[in-house]
Amino acid sequence: MRTGLLPPSLMSHSVRHLLLVEDDPSWRKRLAEAAHAEGVAVSHASDGVEALDWLRTHPRAGHPDLILLDLMLPRMDGWELYGQLRMDARLRHLNVLMFSEALHGQEVPLGGVVGYLHKPPVPESMMGAVRSRLRFAAELPAREPAGAYSLELREDVSLPLRLLPAPVGHSVRMHLLRAAELVGSELPMASTWLMALPGTPPALLVSIEGVRVVLDVDDEARVLRGTSVDVPPDLLTRS
């Protein structure tokens, strides 16, 4: 890949090594062949658990230049893996390009994420999509939070979110993770989707696609805890 196609965080060197996190073995094989044809080495993980173990057991010098991350994965999905990466001091420097069939154009900036891709129909077209997305990512401002909080969701909160249609679920989880990054910064805590709630302890309200999630803020433990969720009944019936 030509250096001129890469975002600021990758300008100093080409992407020579990808970590592909994808559960479909046919996709892993065919994408690796397409990447190898462009001189890019590819390591593989079939889900978030395997990817996290691979990254934690390899020295930083052996880490990939870019993680190509499918969001729909067994065991640990892409959103949970991203959260784990951002909370690990050895891994939060890694650049991530997320992809999924369910992404639908409501992405928010997340630290370390250089872009989002709608998953193409065939693996062979992915490398062209990656090049194109990285080219446009060069125009985005760098966003590094002062220190993300971890995100914890009670079972009675996480279960309804898992029952949402995939595009809505992706959007909600993306914004919950964005809230965890914003709360550790001095950025304004009010927007069309994020609002600070009065009370003790402090809390935040995330409202996306009609879904409303209340997050208690624990500044001492640096944790956002999802304590309640309101999901429109029609969203659950569509899933």
Side-chain angles (χ1 to χ4, degrees), residues 1-3 5-58 60-86 88 90-105 107-138 140 143 166 170 173-174 177:
M1 290 185 186
R2 290 175 293 162
T3 305
L5 298 182
L6 303 177
S9 58
L10 298 174
M11 284 294 286
S12 61
H13 61 284
S14 298
V15 175
R16 302 179 184 277
H17 180 195
L18 289 174
L19 173 60
L20 172 62
V21 189
E22 162 64 64
D23 59 320
D24 186 329
S26 174
W27 261 78
R28 293 198 301 269
K29 179 177 183 294
R30 292 164 63 185
L31 181 57
E33 291 172 350
H36 290 158
E38 298 198 18
V40 178
V42 180
S43 298
H44 302 278
S46 60
D47 59 34
V49 173
E50 187 176 329
L52 197 59
D53 180 68
W54 188 93
L55 290 165
R56 285 175 171 169
T57 55
H58 280 70
R60 180 162 177 159
H63 283 171
D65 304 308
L66 183 69
I67 299 175
L68 199 52
L69 177 60
D70 192 350
L71 295 175
M72 303 289 286
L73 299 167
R75 294 201 295 173
M76 179 190 293
D77 68 15
W79 294 115
E80 185 175 352
L81 174 60
Y82 169 78
Q84 293 286 337
L85 295 178
R86 295 302 289 169
D88 190 320
R90 288 188 64 250
L91 303 177
R92 68 169 60 108
H93 69 284
L94 293 167
N95 294 285
V96 179
L97 183 59
M98 296 178 170
F99 67 96
S100 172
E101 295 174 349
L103 290 172
H104 65 327
E107 293 76 35
V108 297
L110 291 171
V113 177
V114 298
Y116 305 89
L117 284 177
H118 188 274
K119 192 172 184 179
V122 295
E124 287 77 7
S125 63
M126 177 65 89
M127 291 307 294
V130 168
R131 287 195 304 273
S132 176
R133 192 61 195 85
L134 292 181
R135 182 185 304 119
F136 289 109
L140 299 177
R143 294 178 180 267
H170 279 345
R173 295 186 69 180
M174 184 186 307
L177 286 164

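On a predicted model such as this, the values are computed, not experimentally measured, just so you know.
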> Looking at residues at least two apart in the chain, or sitting in another chain, which of them share a side-chain contact (heavy atoms from CB on, under 4.5 Å) with Ala129?
Replying inline: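 Testing Ala129 for side-chain contact (heavy atoms from CB on, under 4.5 Å), a comparison that skips the adjacent residues, returns Leu117.
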
>> Tell me every residue that passes side-chain contact (heavy atoms from CB on, under 4.5 Å) with Arg75, counting only those two or more places apart in sequence or in another chain.
In response: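 Counting only residues at least two positions away or on another chain, Arg75 forms a side-chain contact (heavy atoms from CB on, under 4.5 Å) with Asp47, Val49, Glu50.
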
Rounded distance [0.5 Å steps], [atom1] in [X] versus [atom2] in [Y]:
X: Met72; Y: Glu101; atom1: CE; atom2: CD; answer: 8.5 Å
X: Ile67; Y: Tyr82; atom1: CD1; atom2: OH; answer: 11.0 Å
X: Asp88; Y: Leu52; atom1: CG; atom2: CG; answer: 7.0 Å
X: Leu71; Y: Trp79; atom1: CG; atom2: CH2; answer: 5.0 Å
X: Leu31; Y: Leu18; atom1: CG; atom2: CG; answer: 7.0 Å
X: Asp65; Y: Asn95; atom1: CG; atom2: CG; answer: 8.5 Å

> Can you list every pair that meets salt bridge (Lys or Arg N to Asp or Glu O under 4.0 Å) and has a residue in residues 113-126, with sequence neighbours left out?
Replying inline: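 Output for this query lists Glu22-Lys119, Arg30-Glu124, Asp70-Lys119.
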
>> Between His118 and Ser100, does the side chain to side chain donor-acceptor pair (under 3.5 Å) criterion hold? Intermediate values first, please.
In response: CA-CA 5 Å; His118 188 274; Ser100 172; over 6 Å; no

When you compare the side chain of [Y] with that of [X], does any pair of heavy atoms fall below 4.5 Å?
X: Pro123; Y: Asp24; value: no
X: Leu94; Y: Leu55; value: yes
X: Val113; Y: Met98; value: yes

> Where do Leu85 and Val96 land on the side-chain contact (heavy atoms from CB on, under 4.5 Å) test, with the steps shown first?
Replying inline: CA-CA 10 Å; Leu85 295 178; Val96 179; 4.1 Å; yes

> Excluding sequence neighbours, so at least two apart, what forms ring pair (Phe, Tyr, Trp, His ring centres under 6.0 Å) with His44?
Replying inline: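 Ring pair (Phe, Tyr, Trp, His ring centres under 6.0 Å) check on His44 returns nothing, list empty.
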
>> So, using ring pair (Phe, Tyr, Trp, His ring centres under 6.0 Å) as the criterion, who are the partners of His58 when residues are at least two apart?
In response: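 Ring pair (Phe, Tyr, Trp, His ring centres under 6.0 Å) check on His58 returns Trp54.
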
Provide the closest heavy-atom pair for [X] versus [Y] in the form atom of the first, atom of the second, distance.
X: Tyr116; Y: Val108; answer: OH-O, 2.6 Å
X: Gly48; Y: Val21; answer: N-CG1, 4.4 Å
X: Leu19; Y: Ala51; answer: CD2-CB, 4.5 Å
X: Ser43; Y: His17; answer: OG-NE2, 2.8 Å
X: Trp27; Y: Leu20; answer: O-CD2, 4.3 Å

> Going through the distances and angles, do His63 and His93 end up as a ring pair (Phe, Tyr, Trp, His ring centres under 6.0 Å)?
Replying inline: CA-CA 10 Å; His63 283 171; His93 69 284; 5.8 Å; yes

> Going by an N to O cut-off under 4.0 Å, is there a salt bridge joining Asp23 and Arg28?
Replying inline: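 Between Arg28 and Asp23 there is no salt bridge, as every charged N stays at least 4.0 Å from the carboxylate O atoms.
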
>> Among residues at least two apart in sequence or on other chains, which ones pass salt bridge (Lys or Arg N to Asp or Glu O under 4.0 Å) with Arg90?
In response: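 By the salt bridge (Lys or Arg N to Asp or Glu O under 4.0 Å) rule, Arg90 matches no residue at all.
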
> Where do Met126 and Leu68 land on the side-chain contact (heavy atoms from CB on, under 4.5 Å) test, with the steps shown first?
Replying inline: CA-CA 10 Å; Met126 177 65 89; Leu68 199 52; 4.0 Å; yes

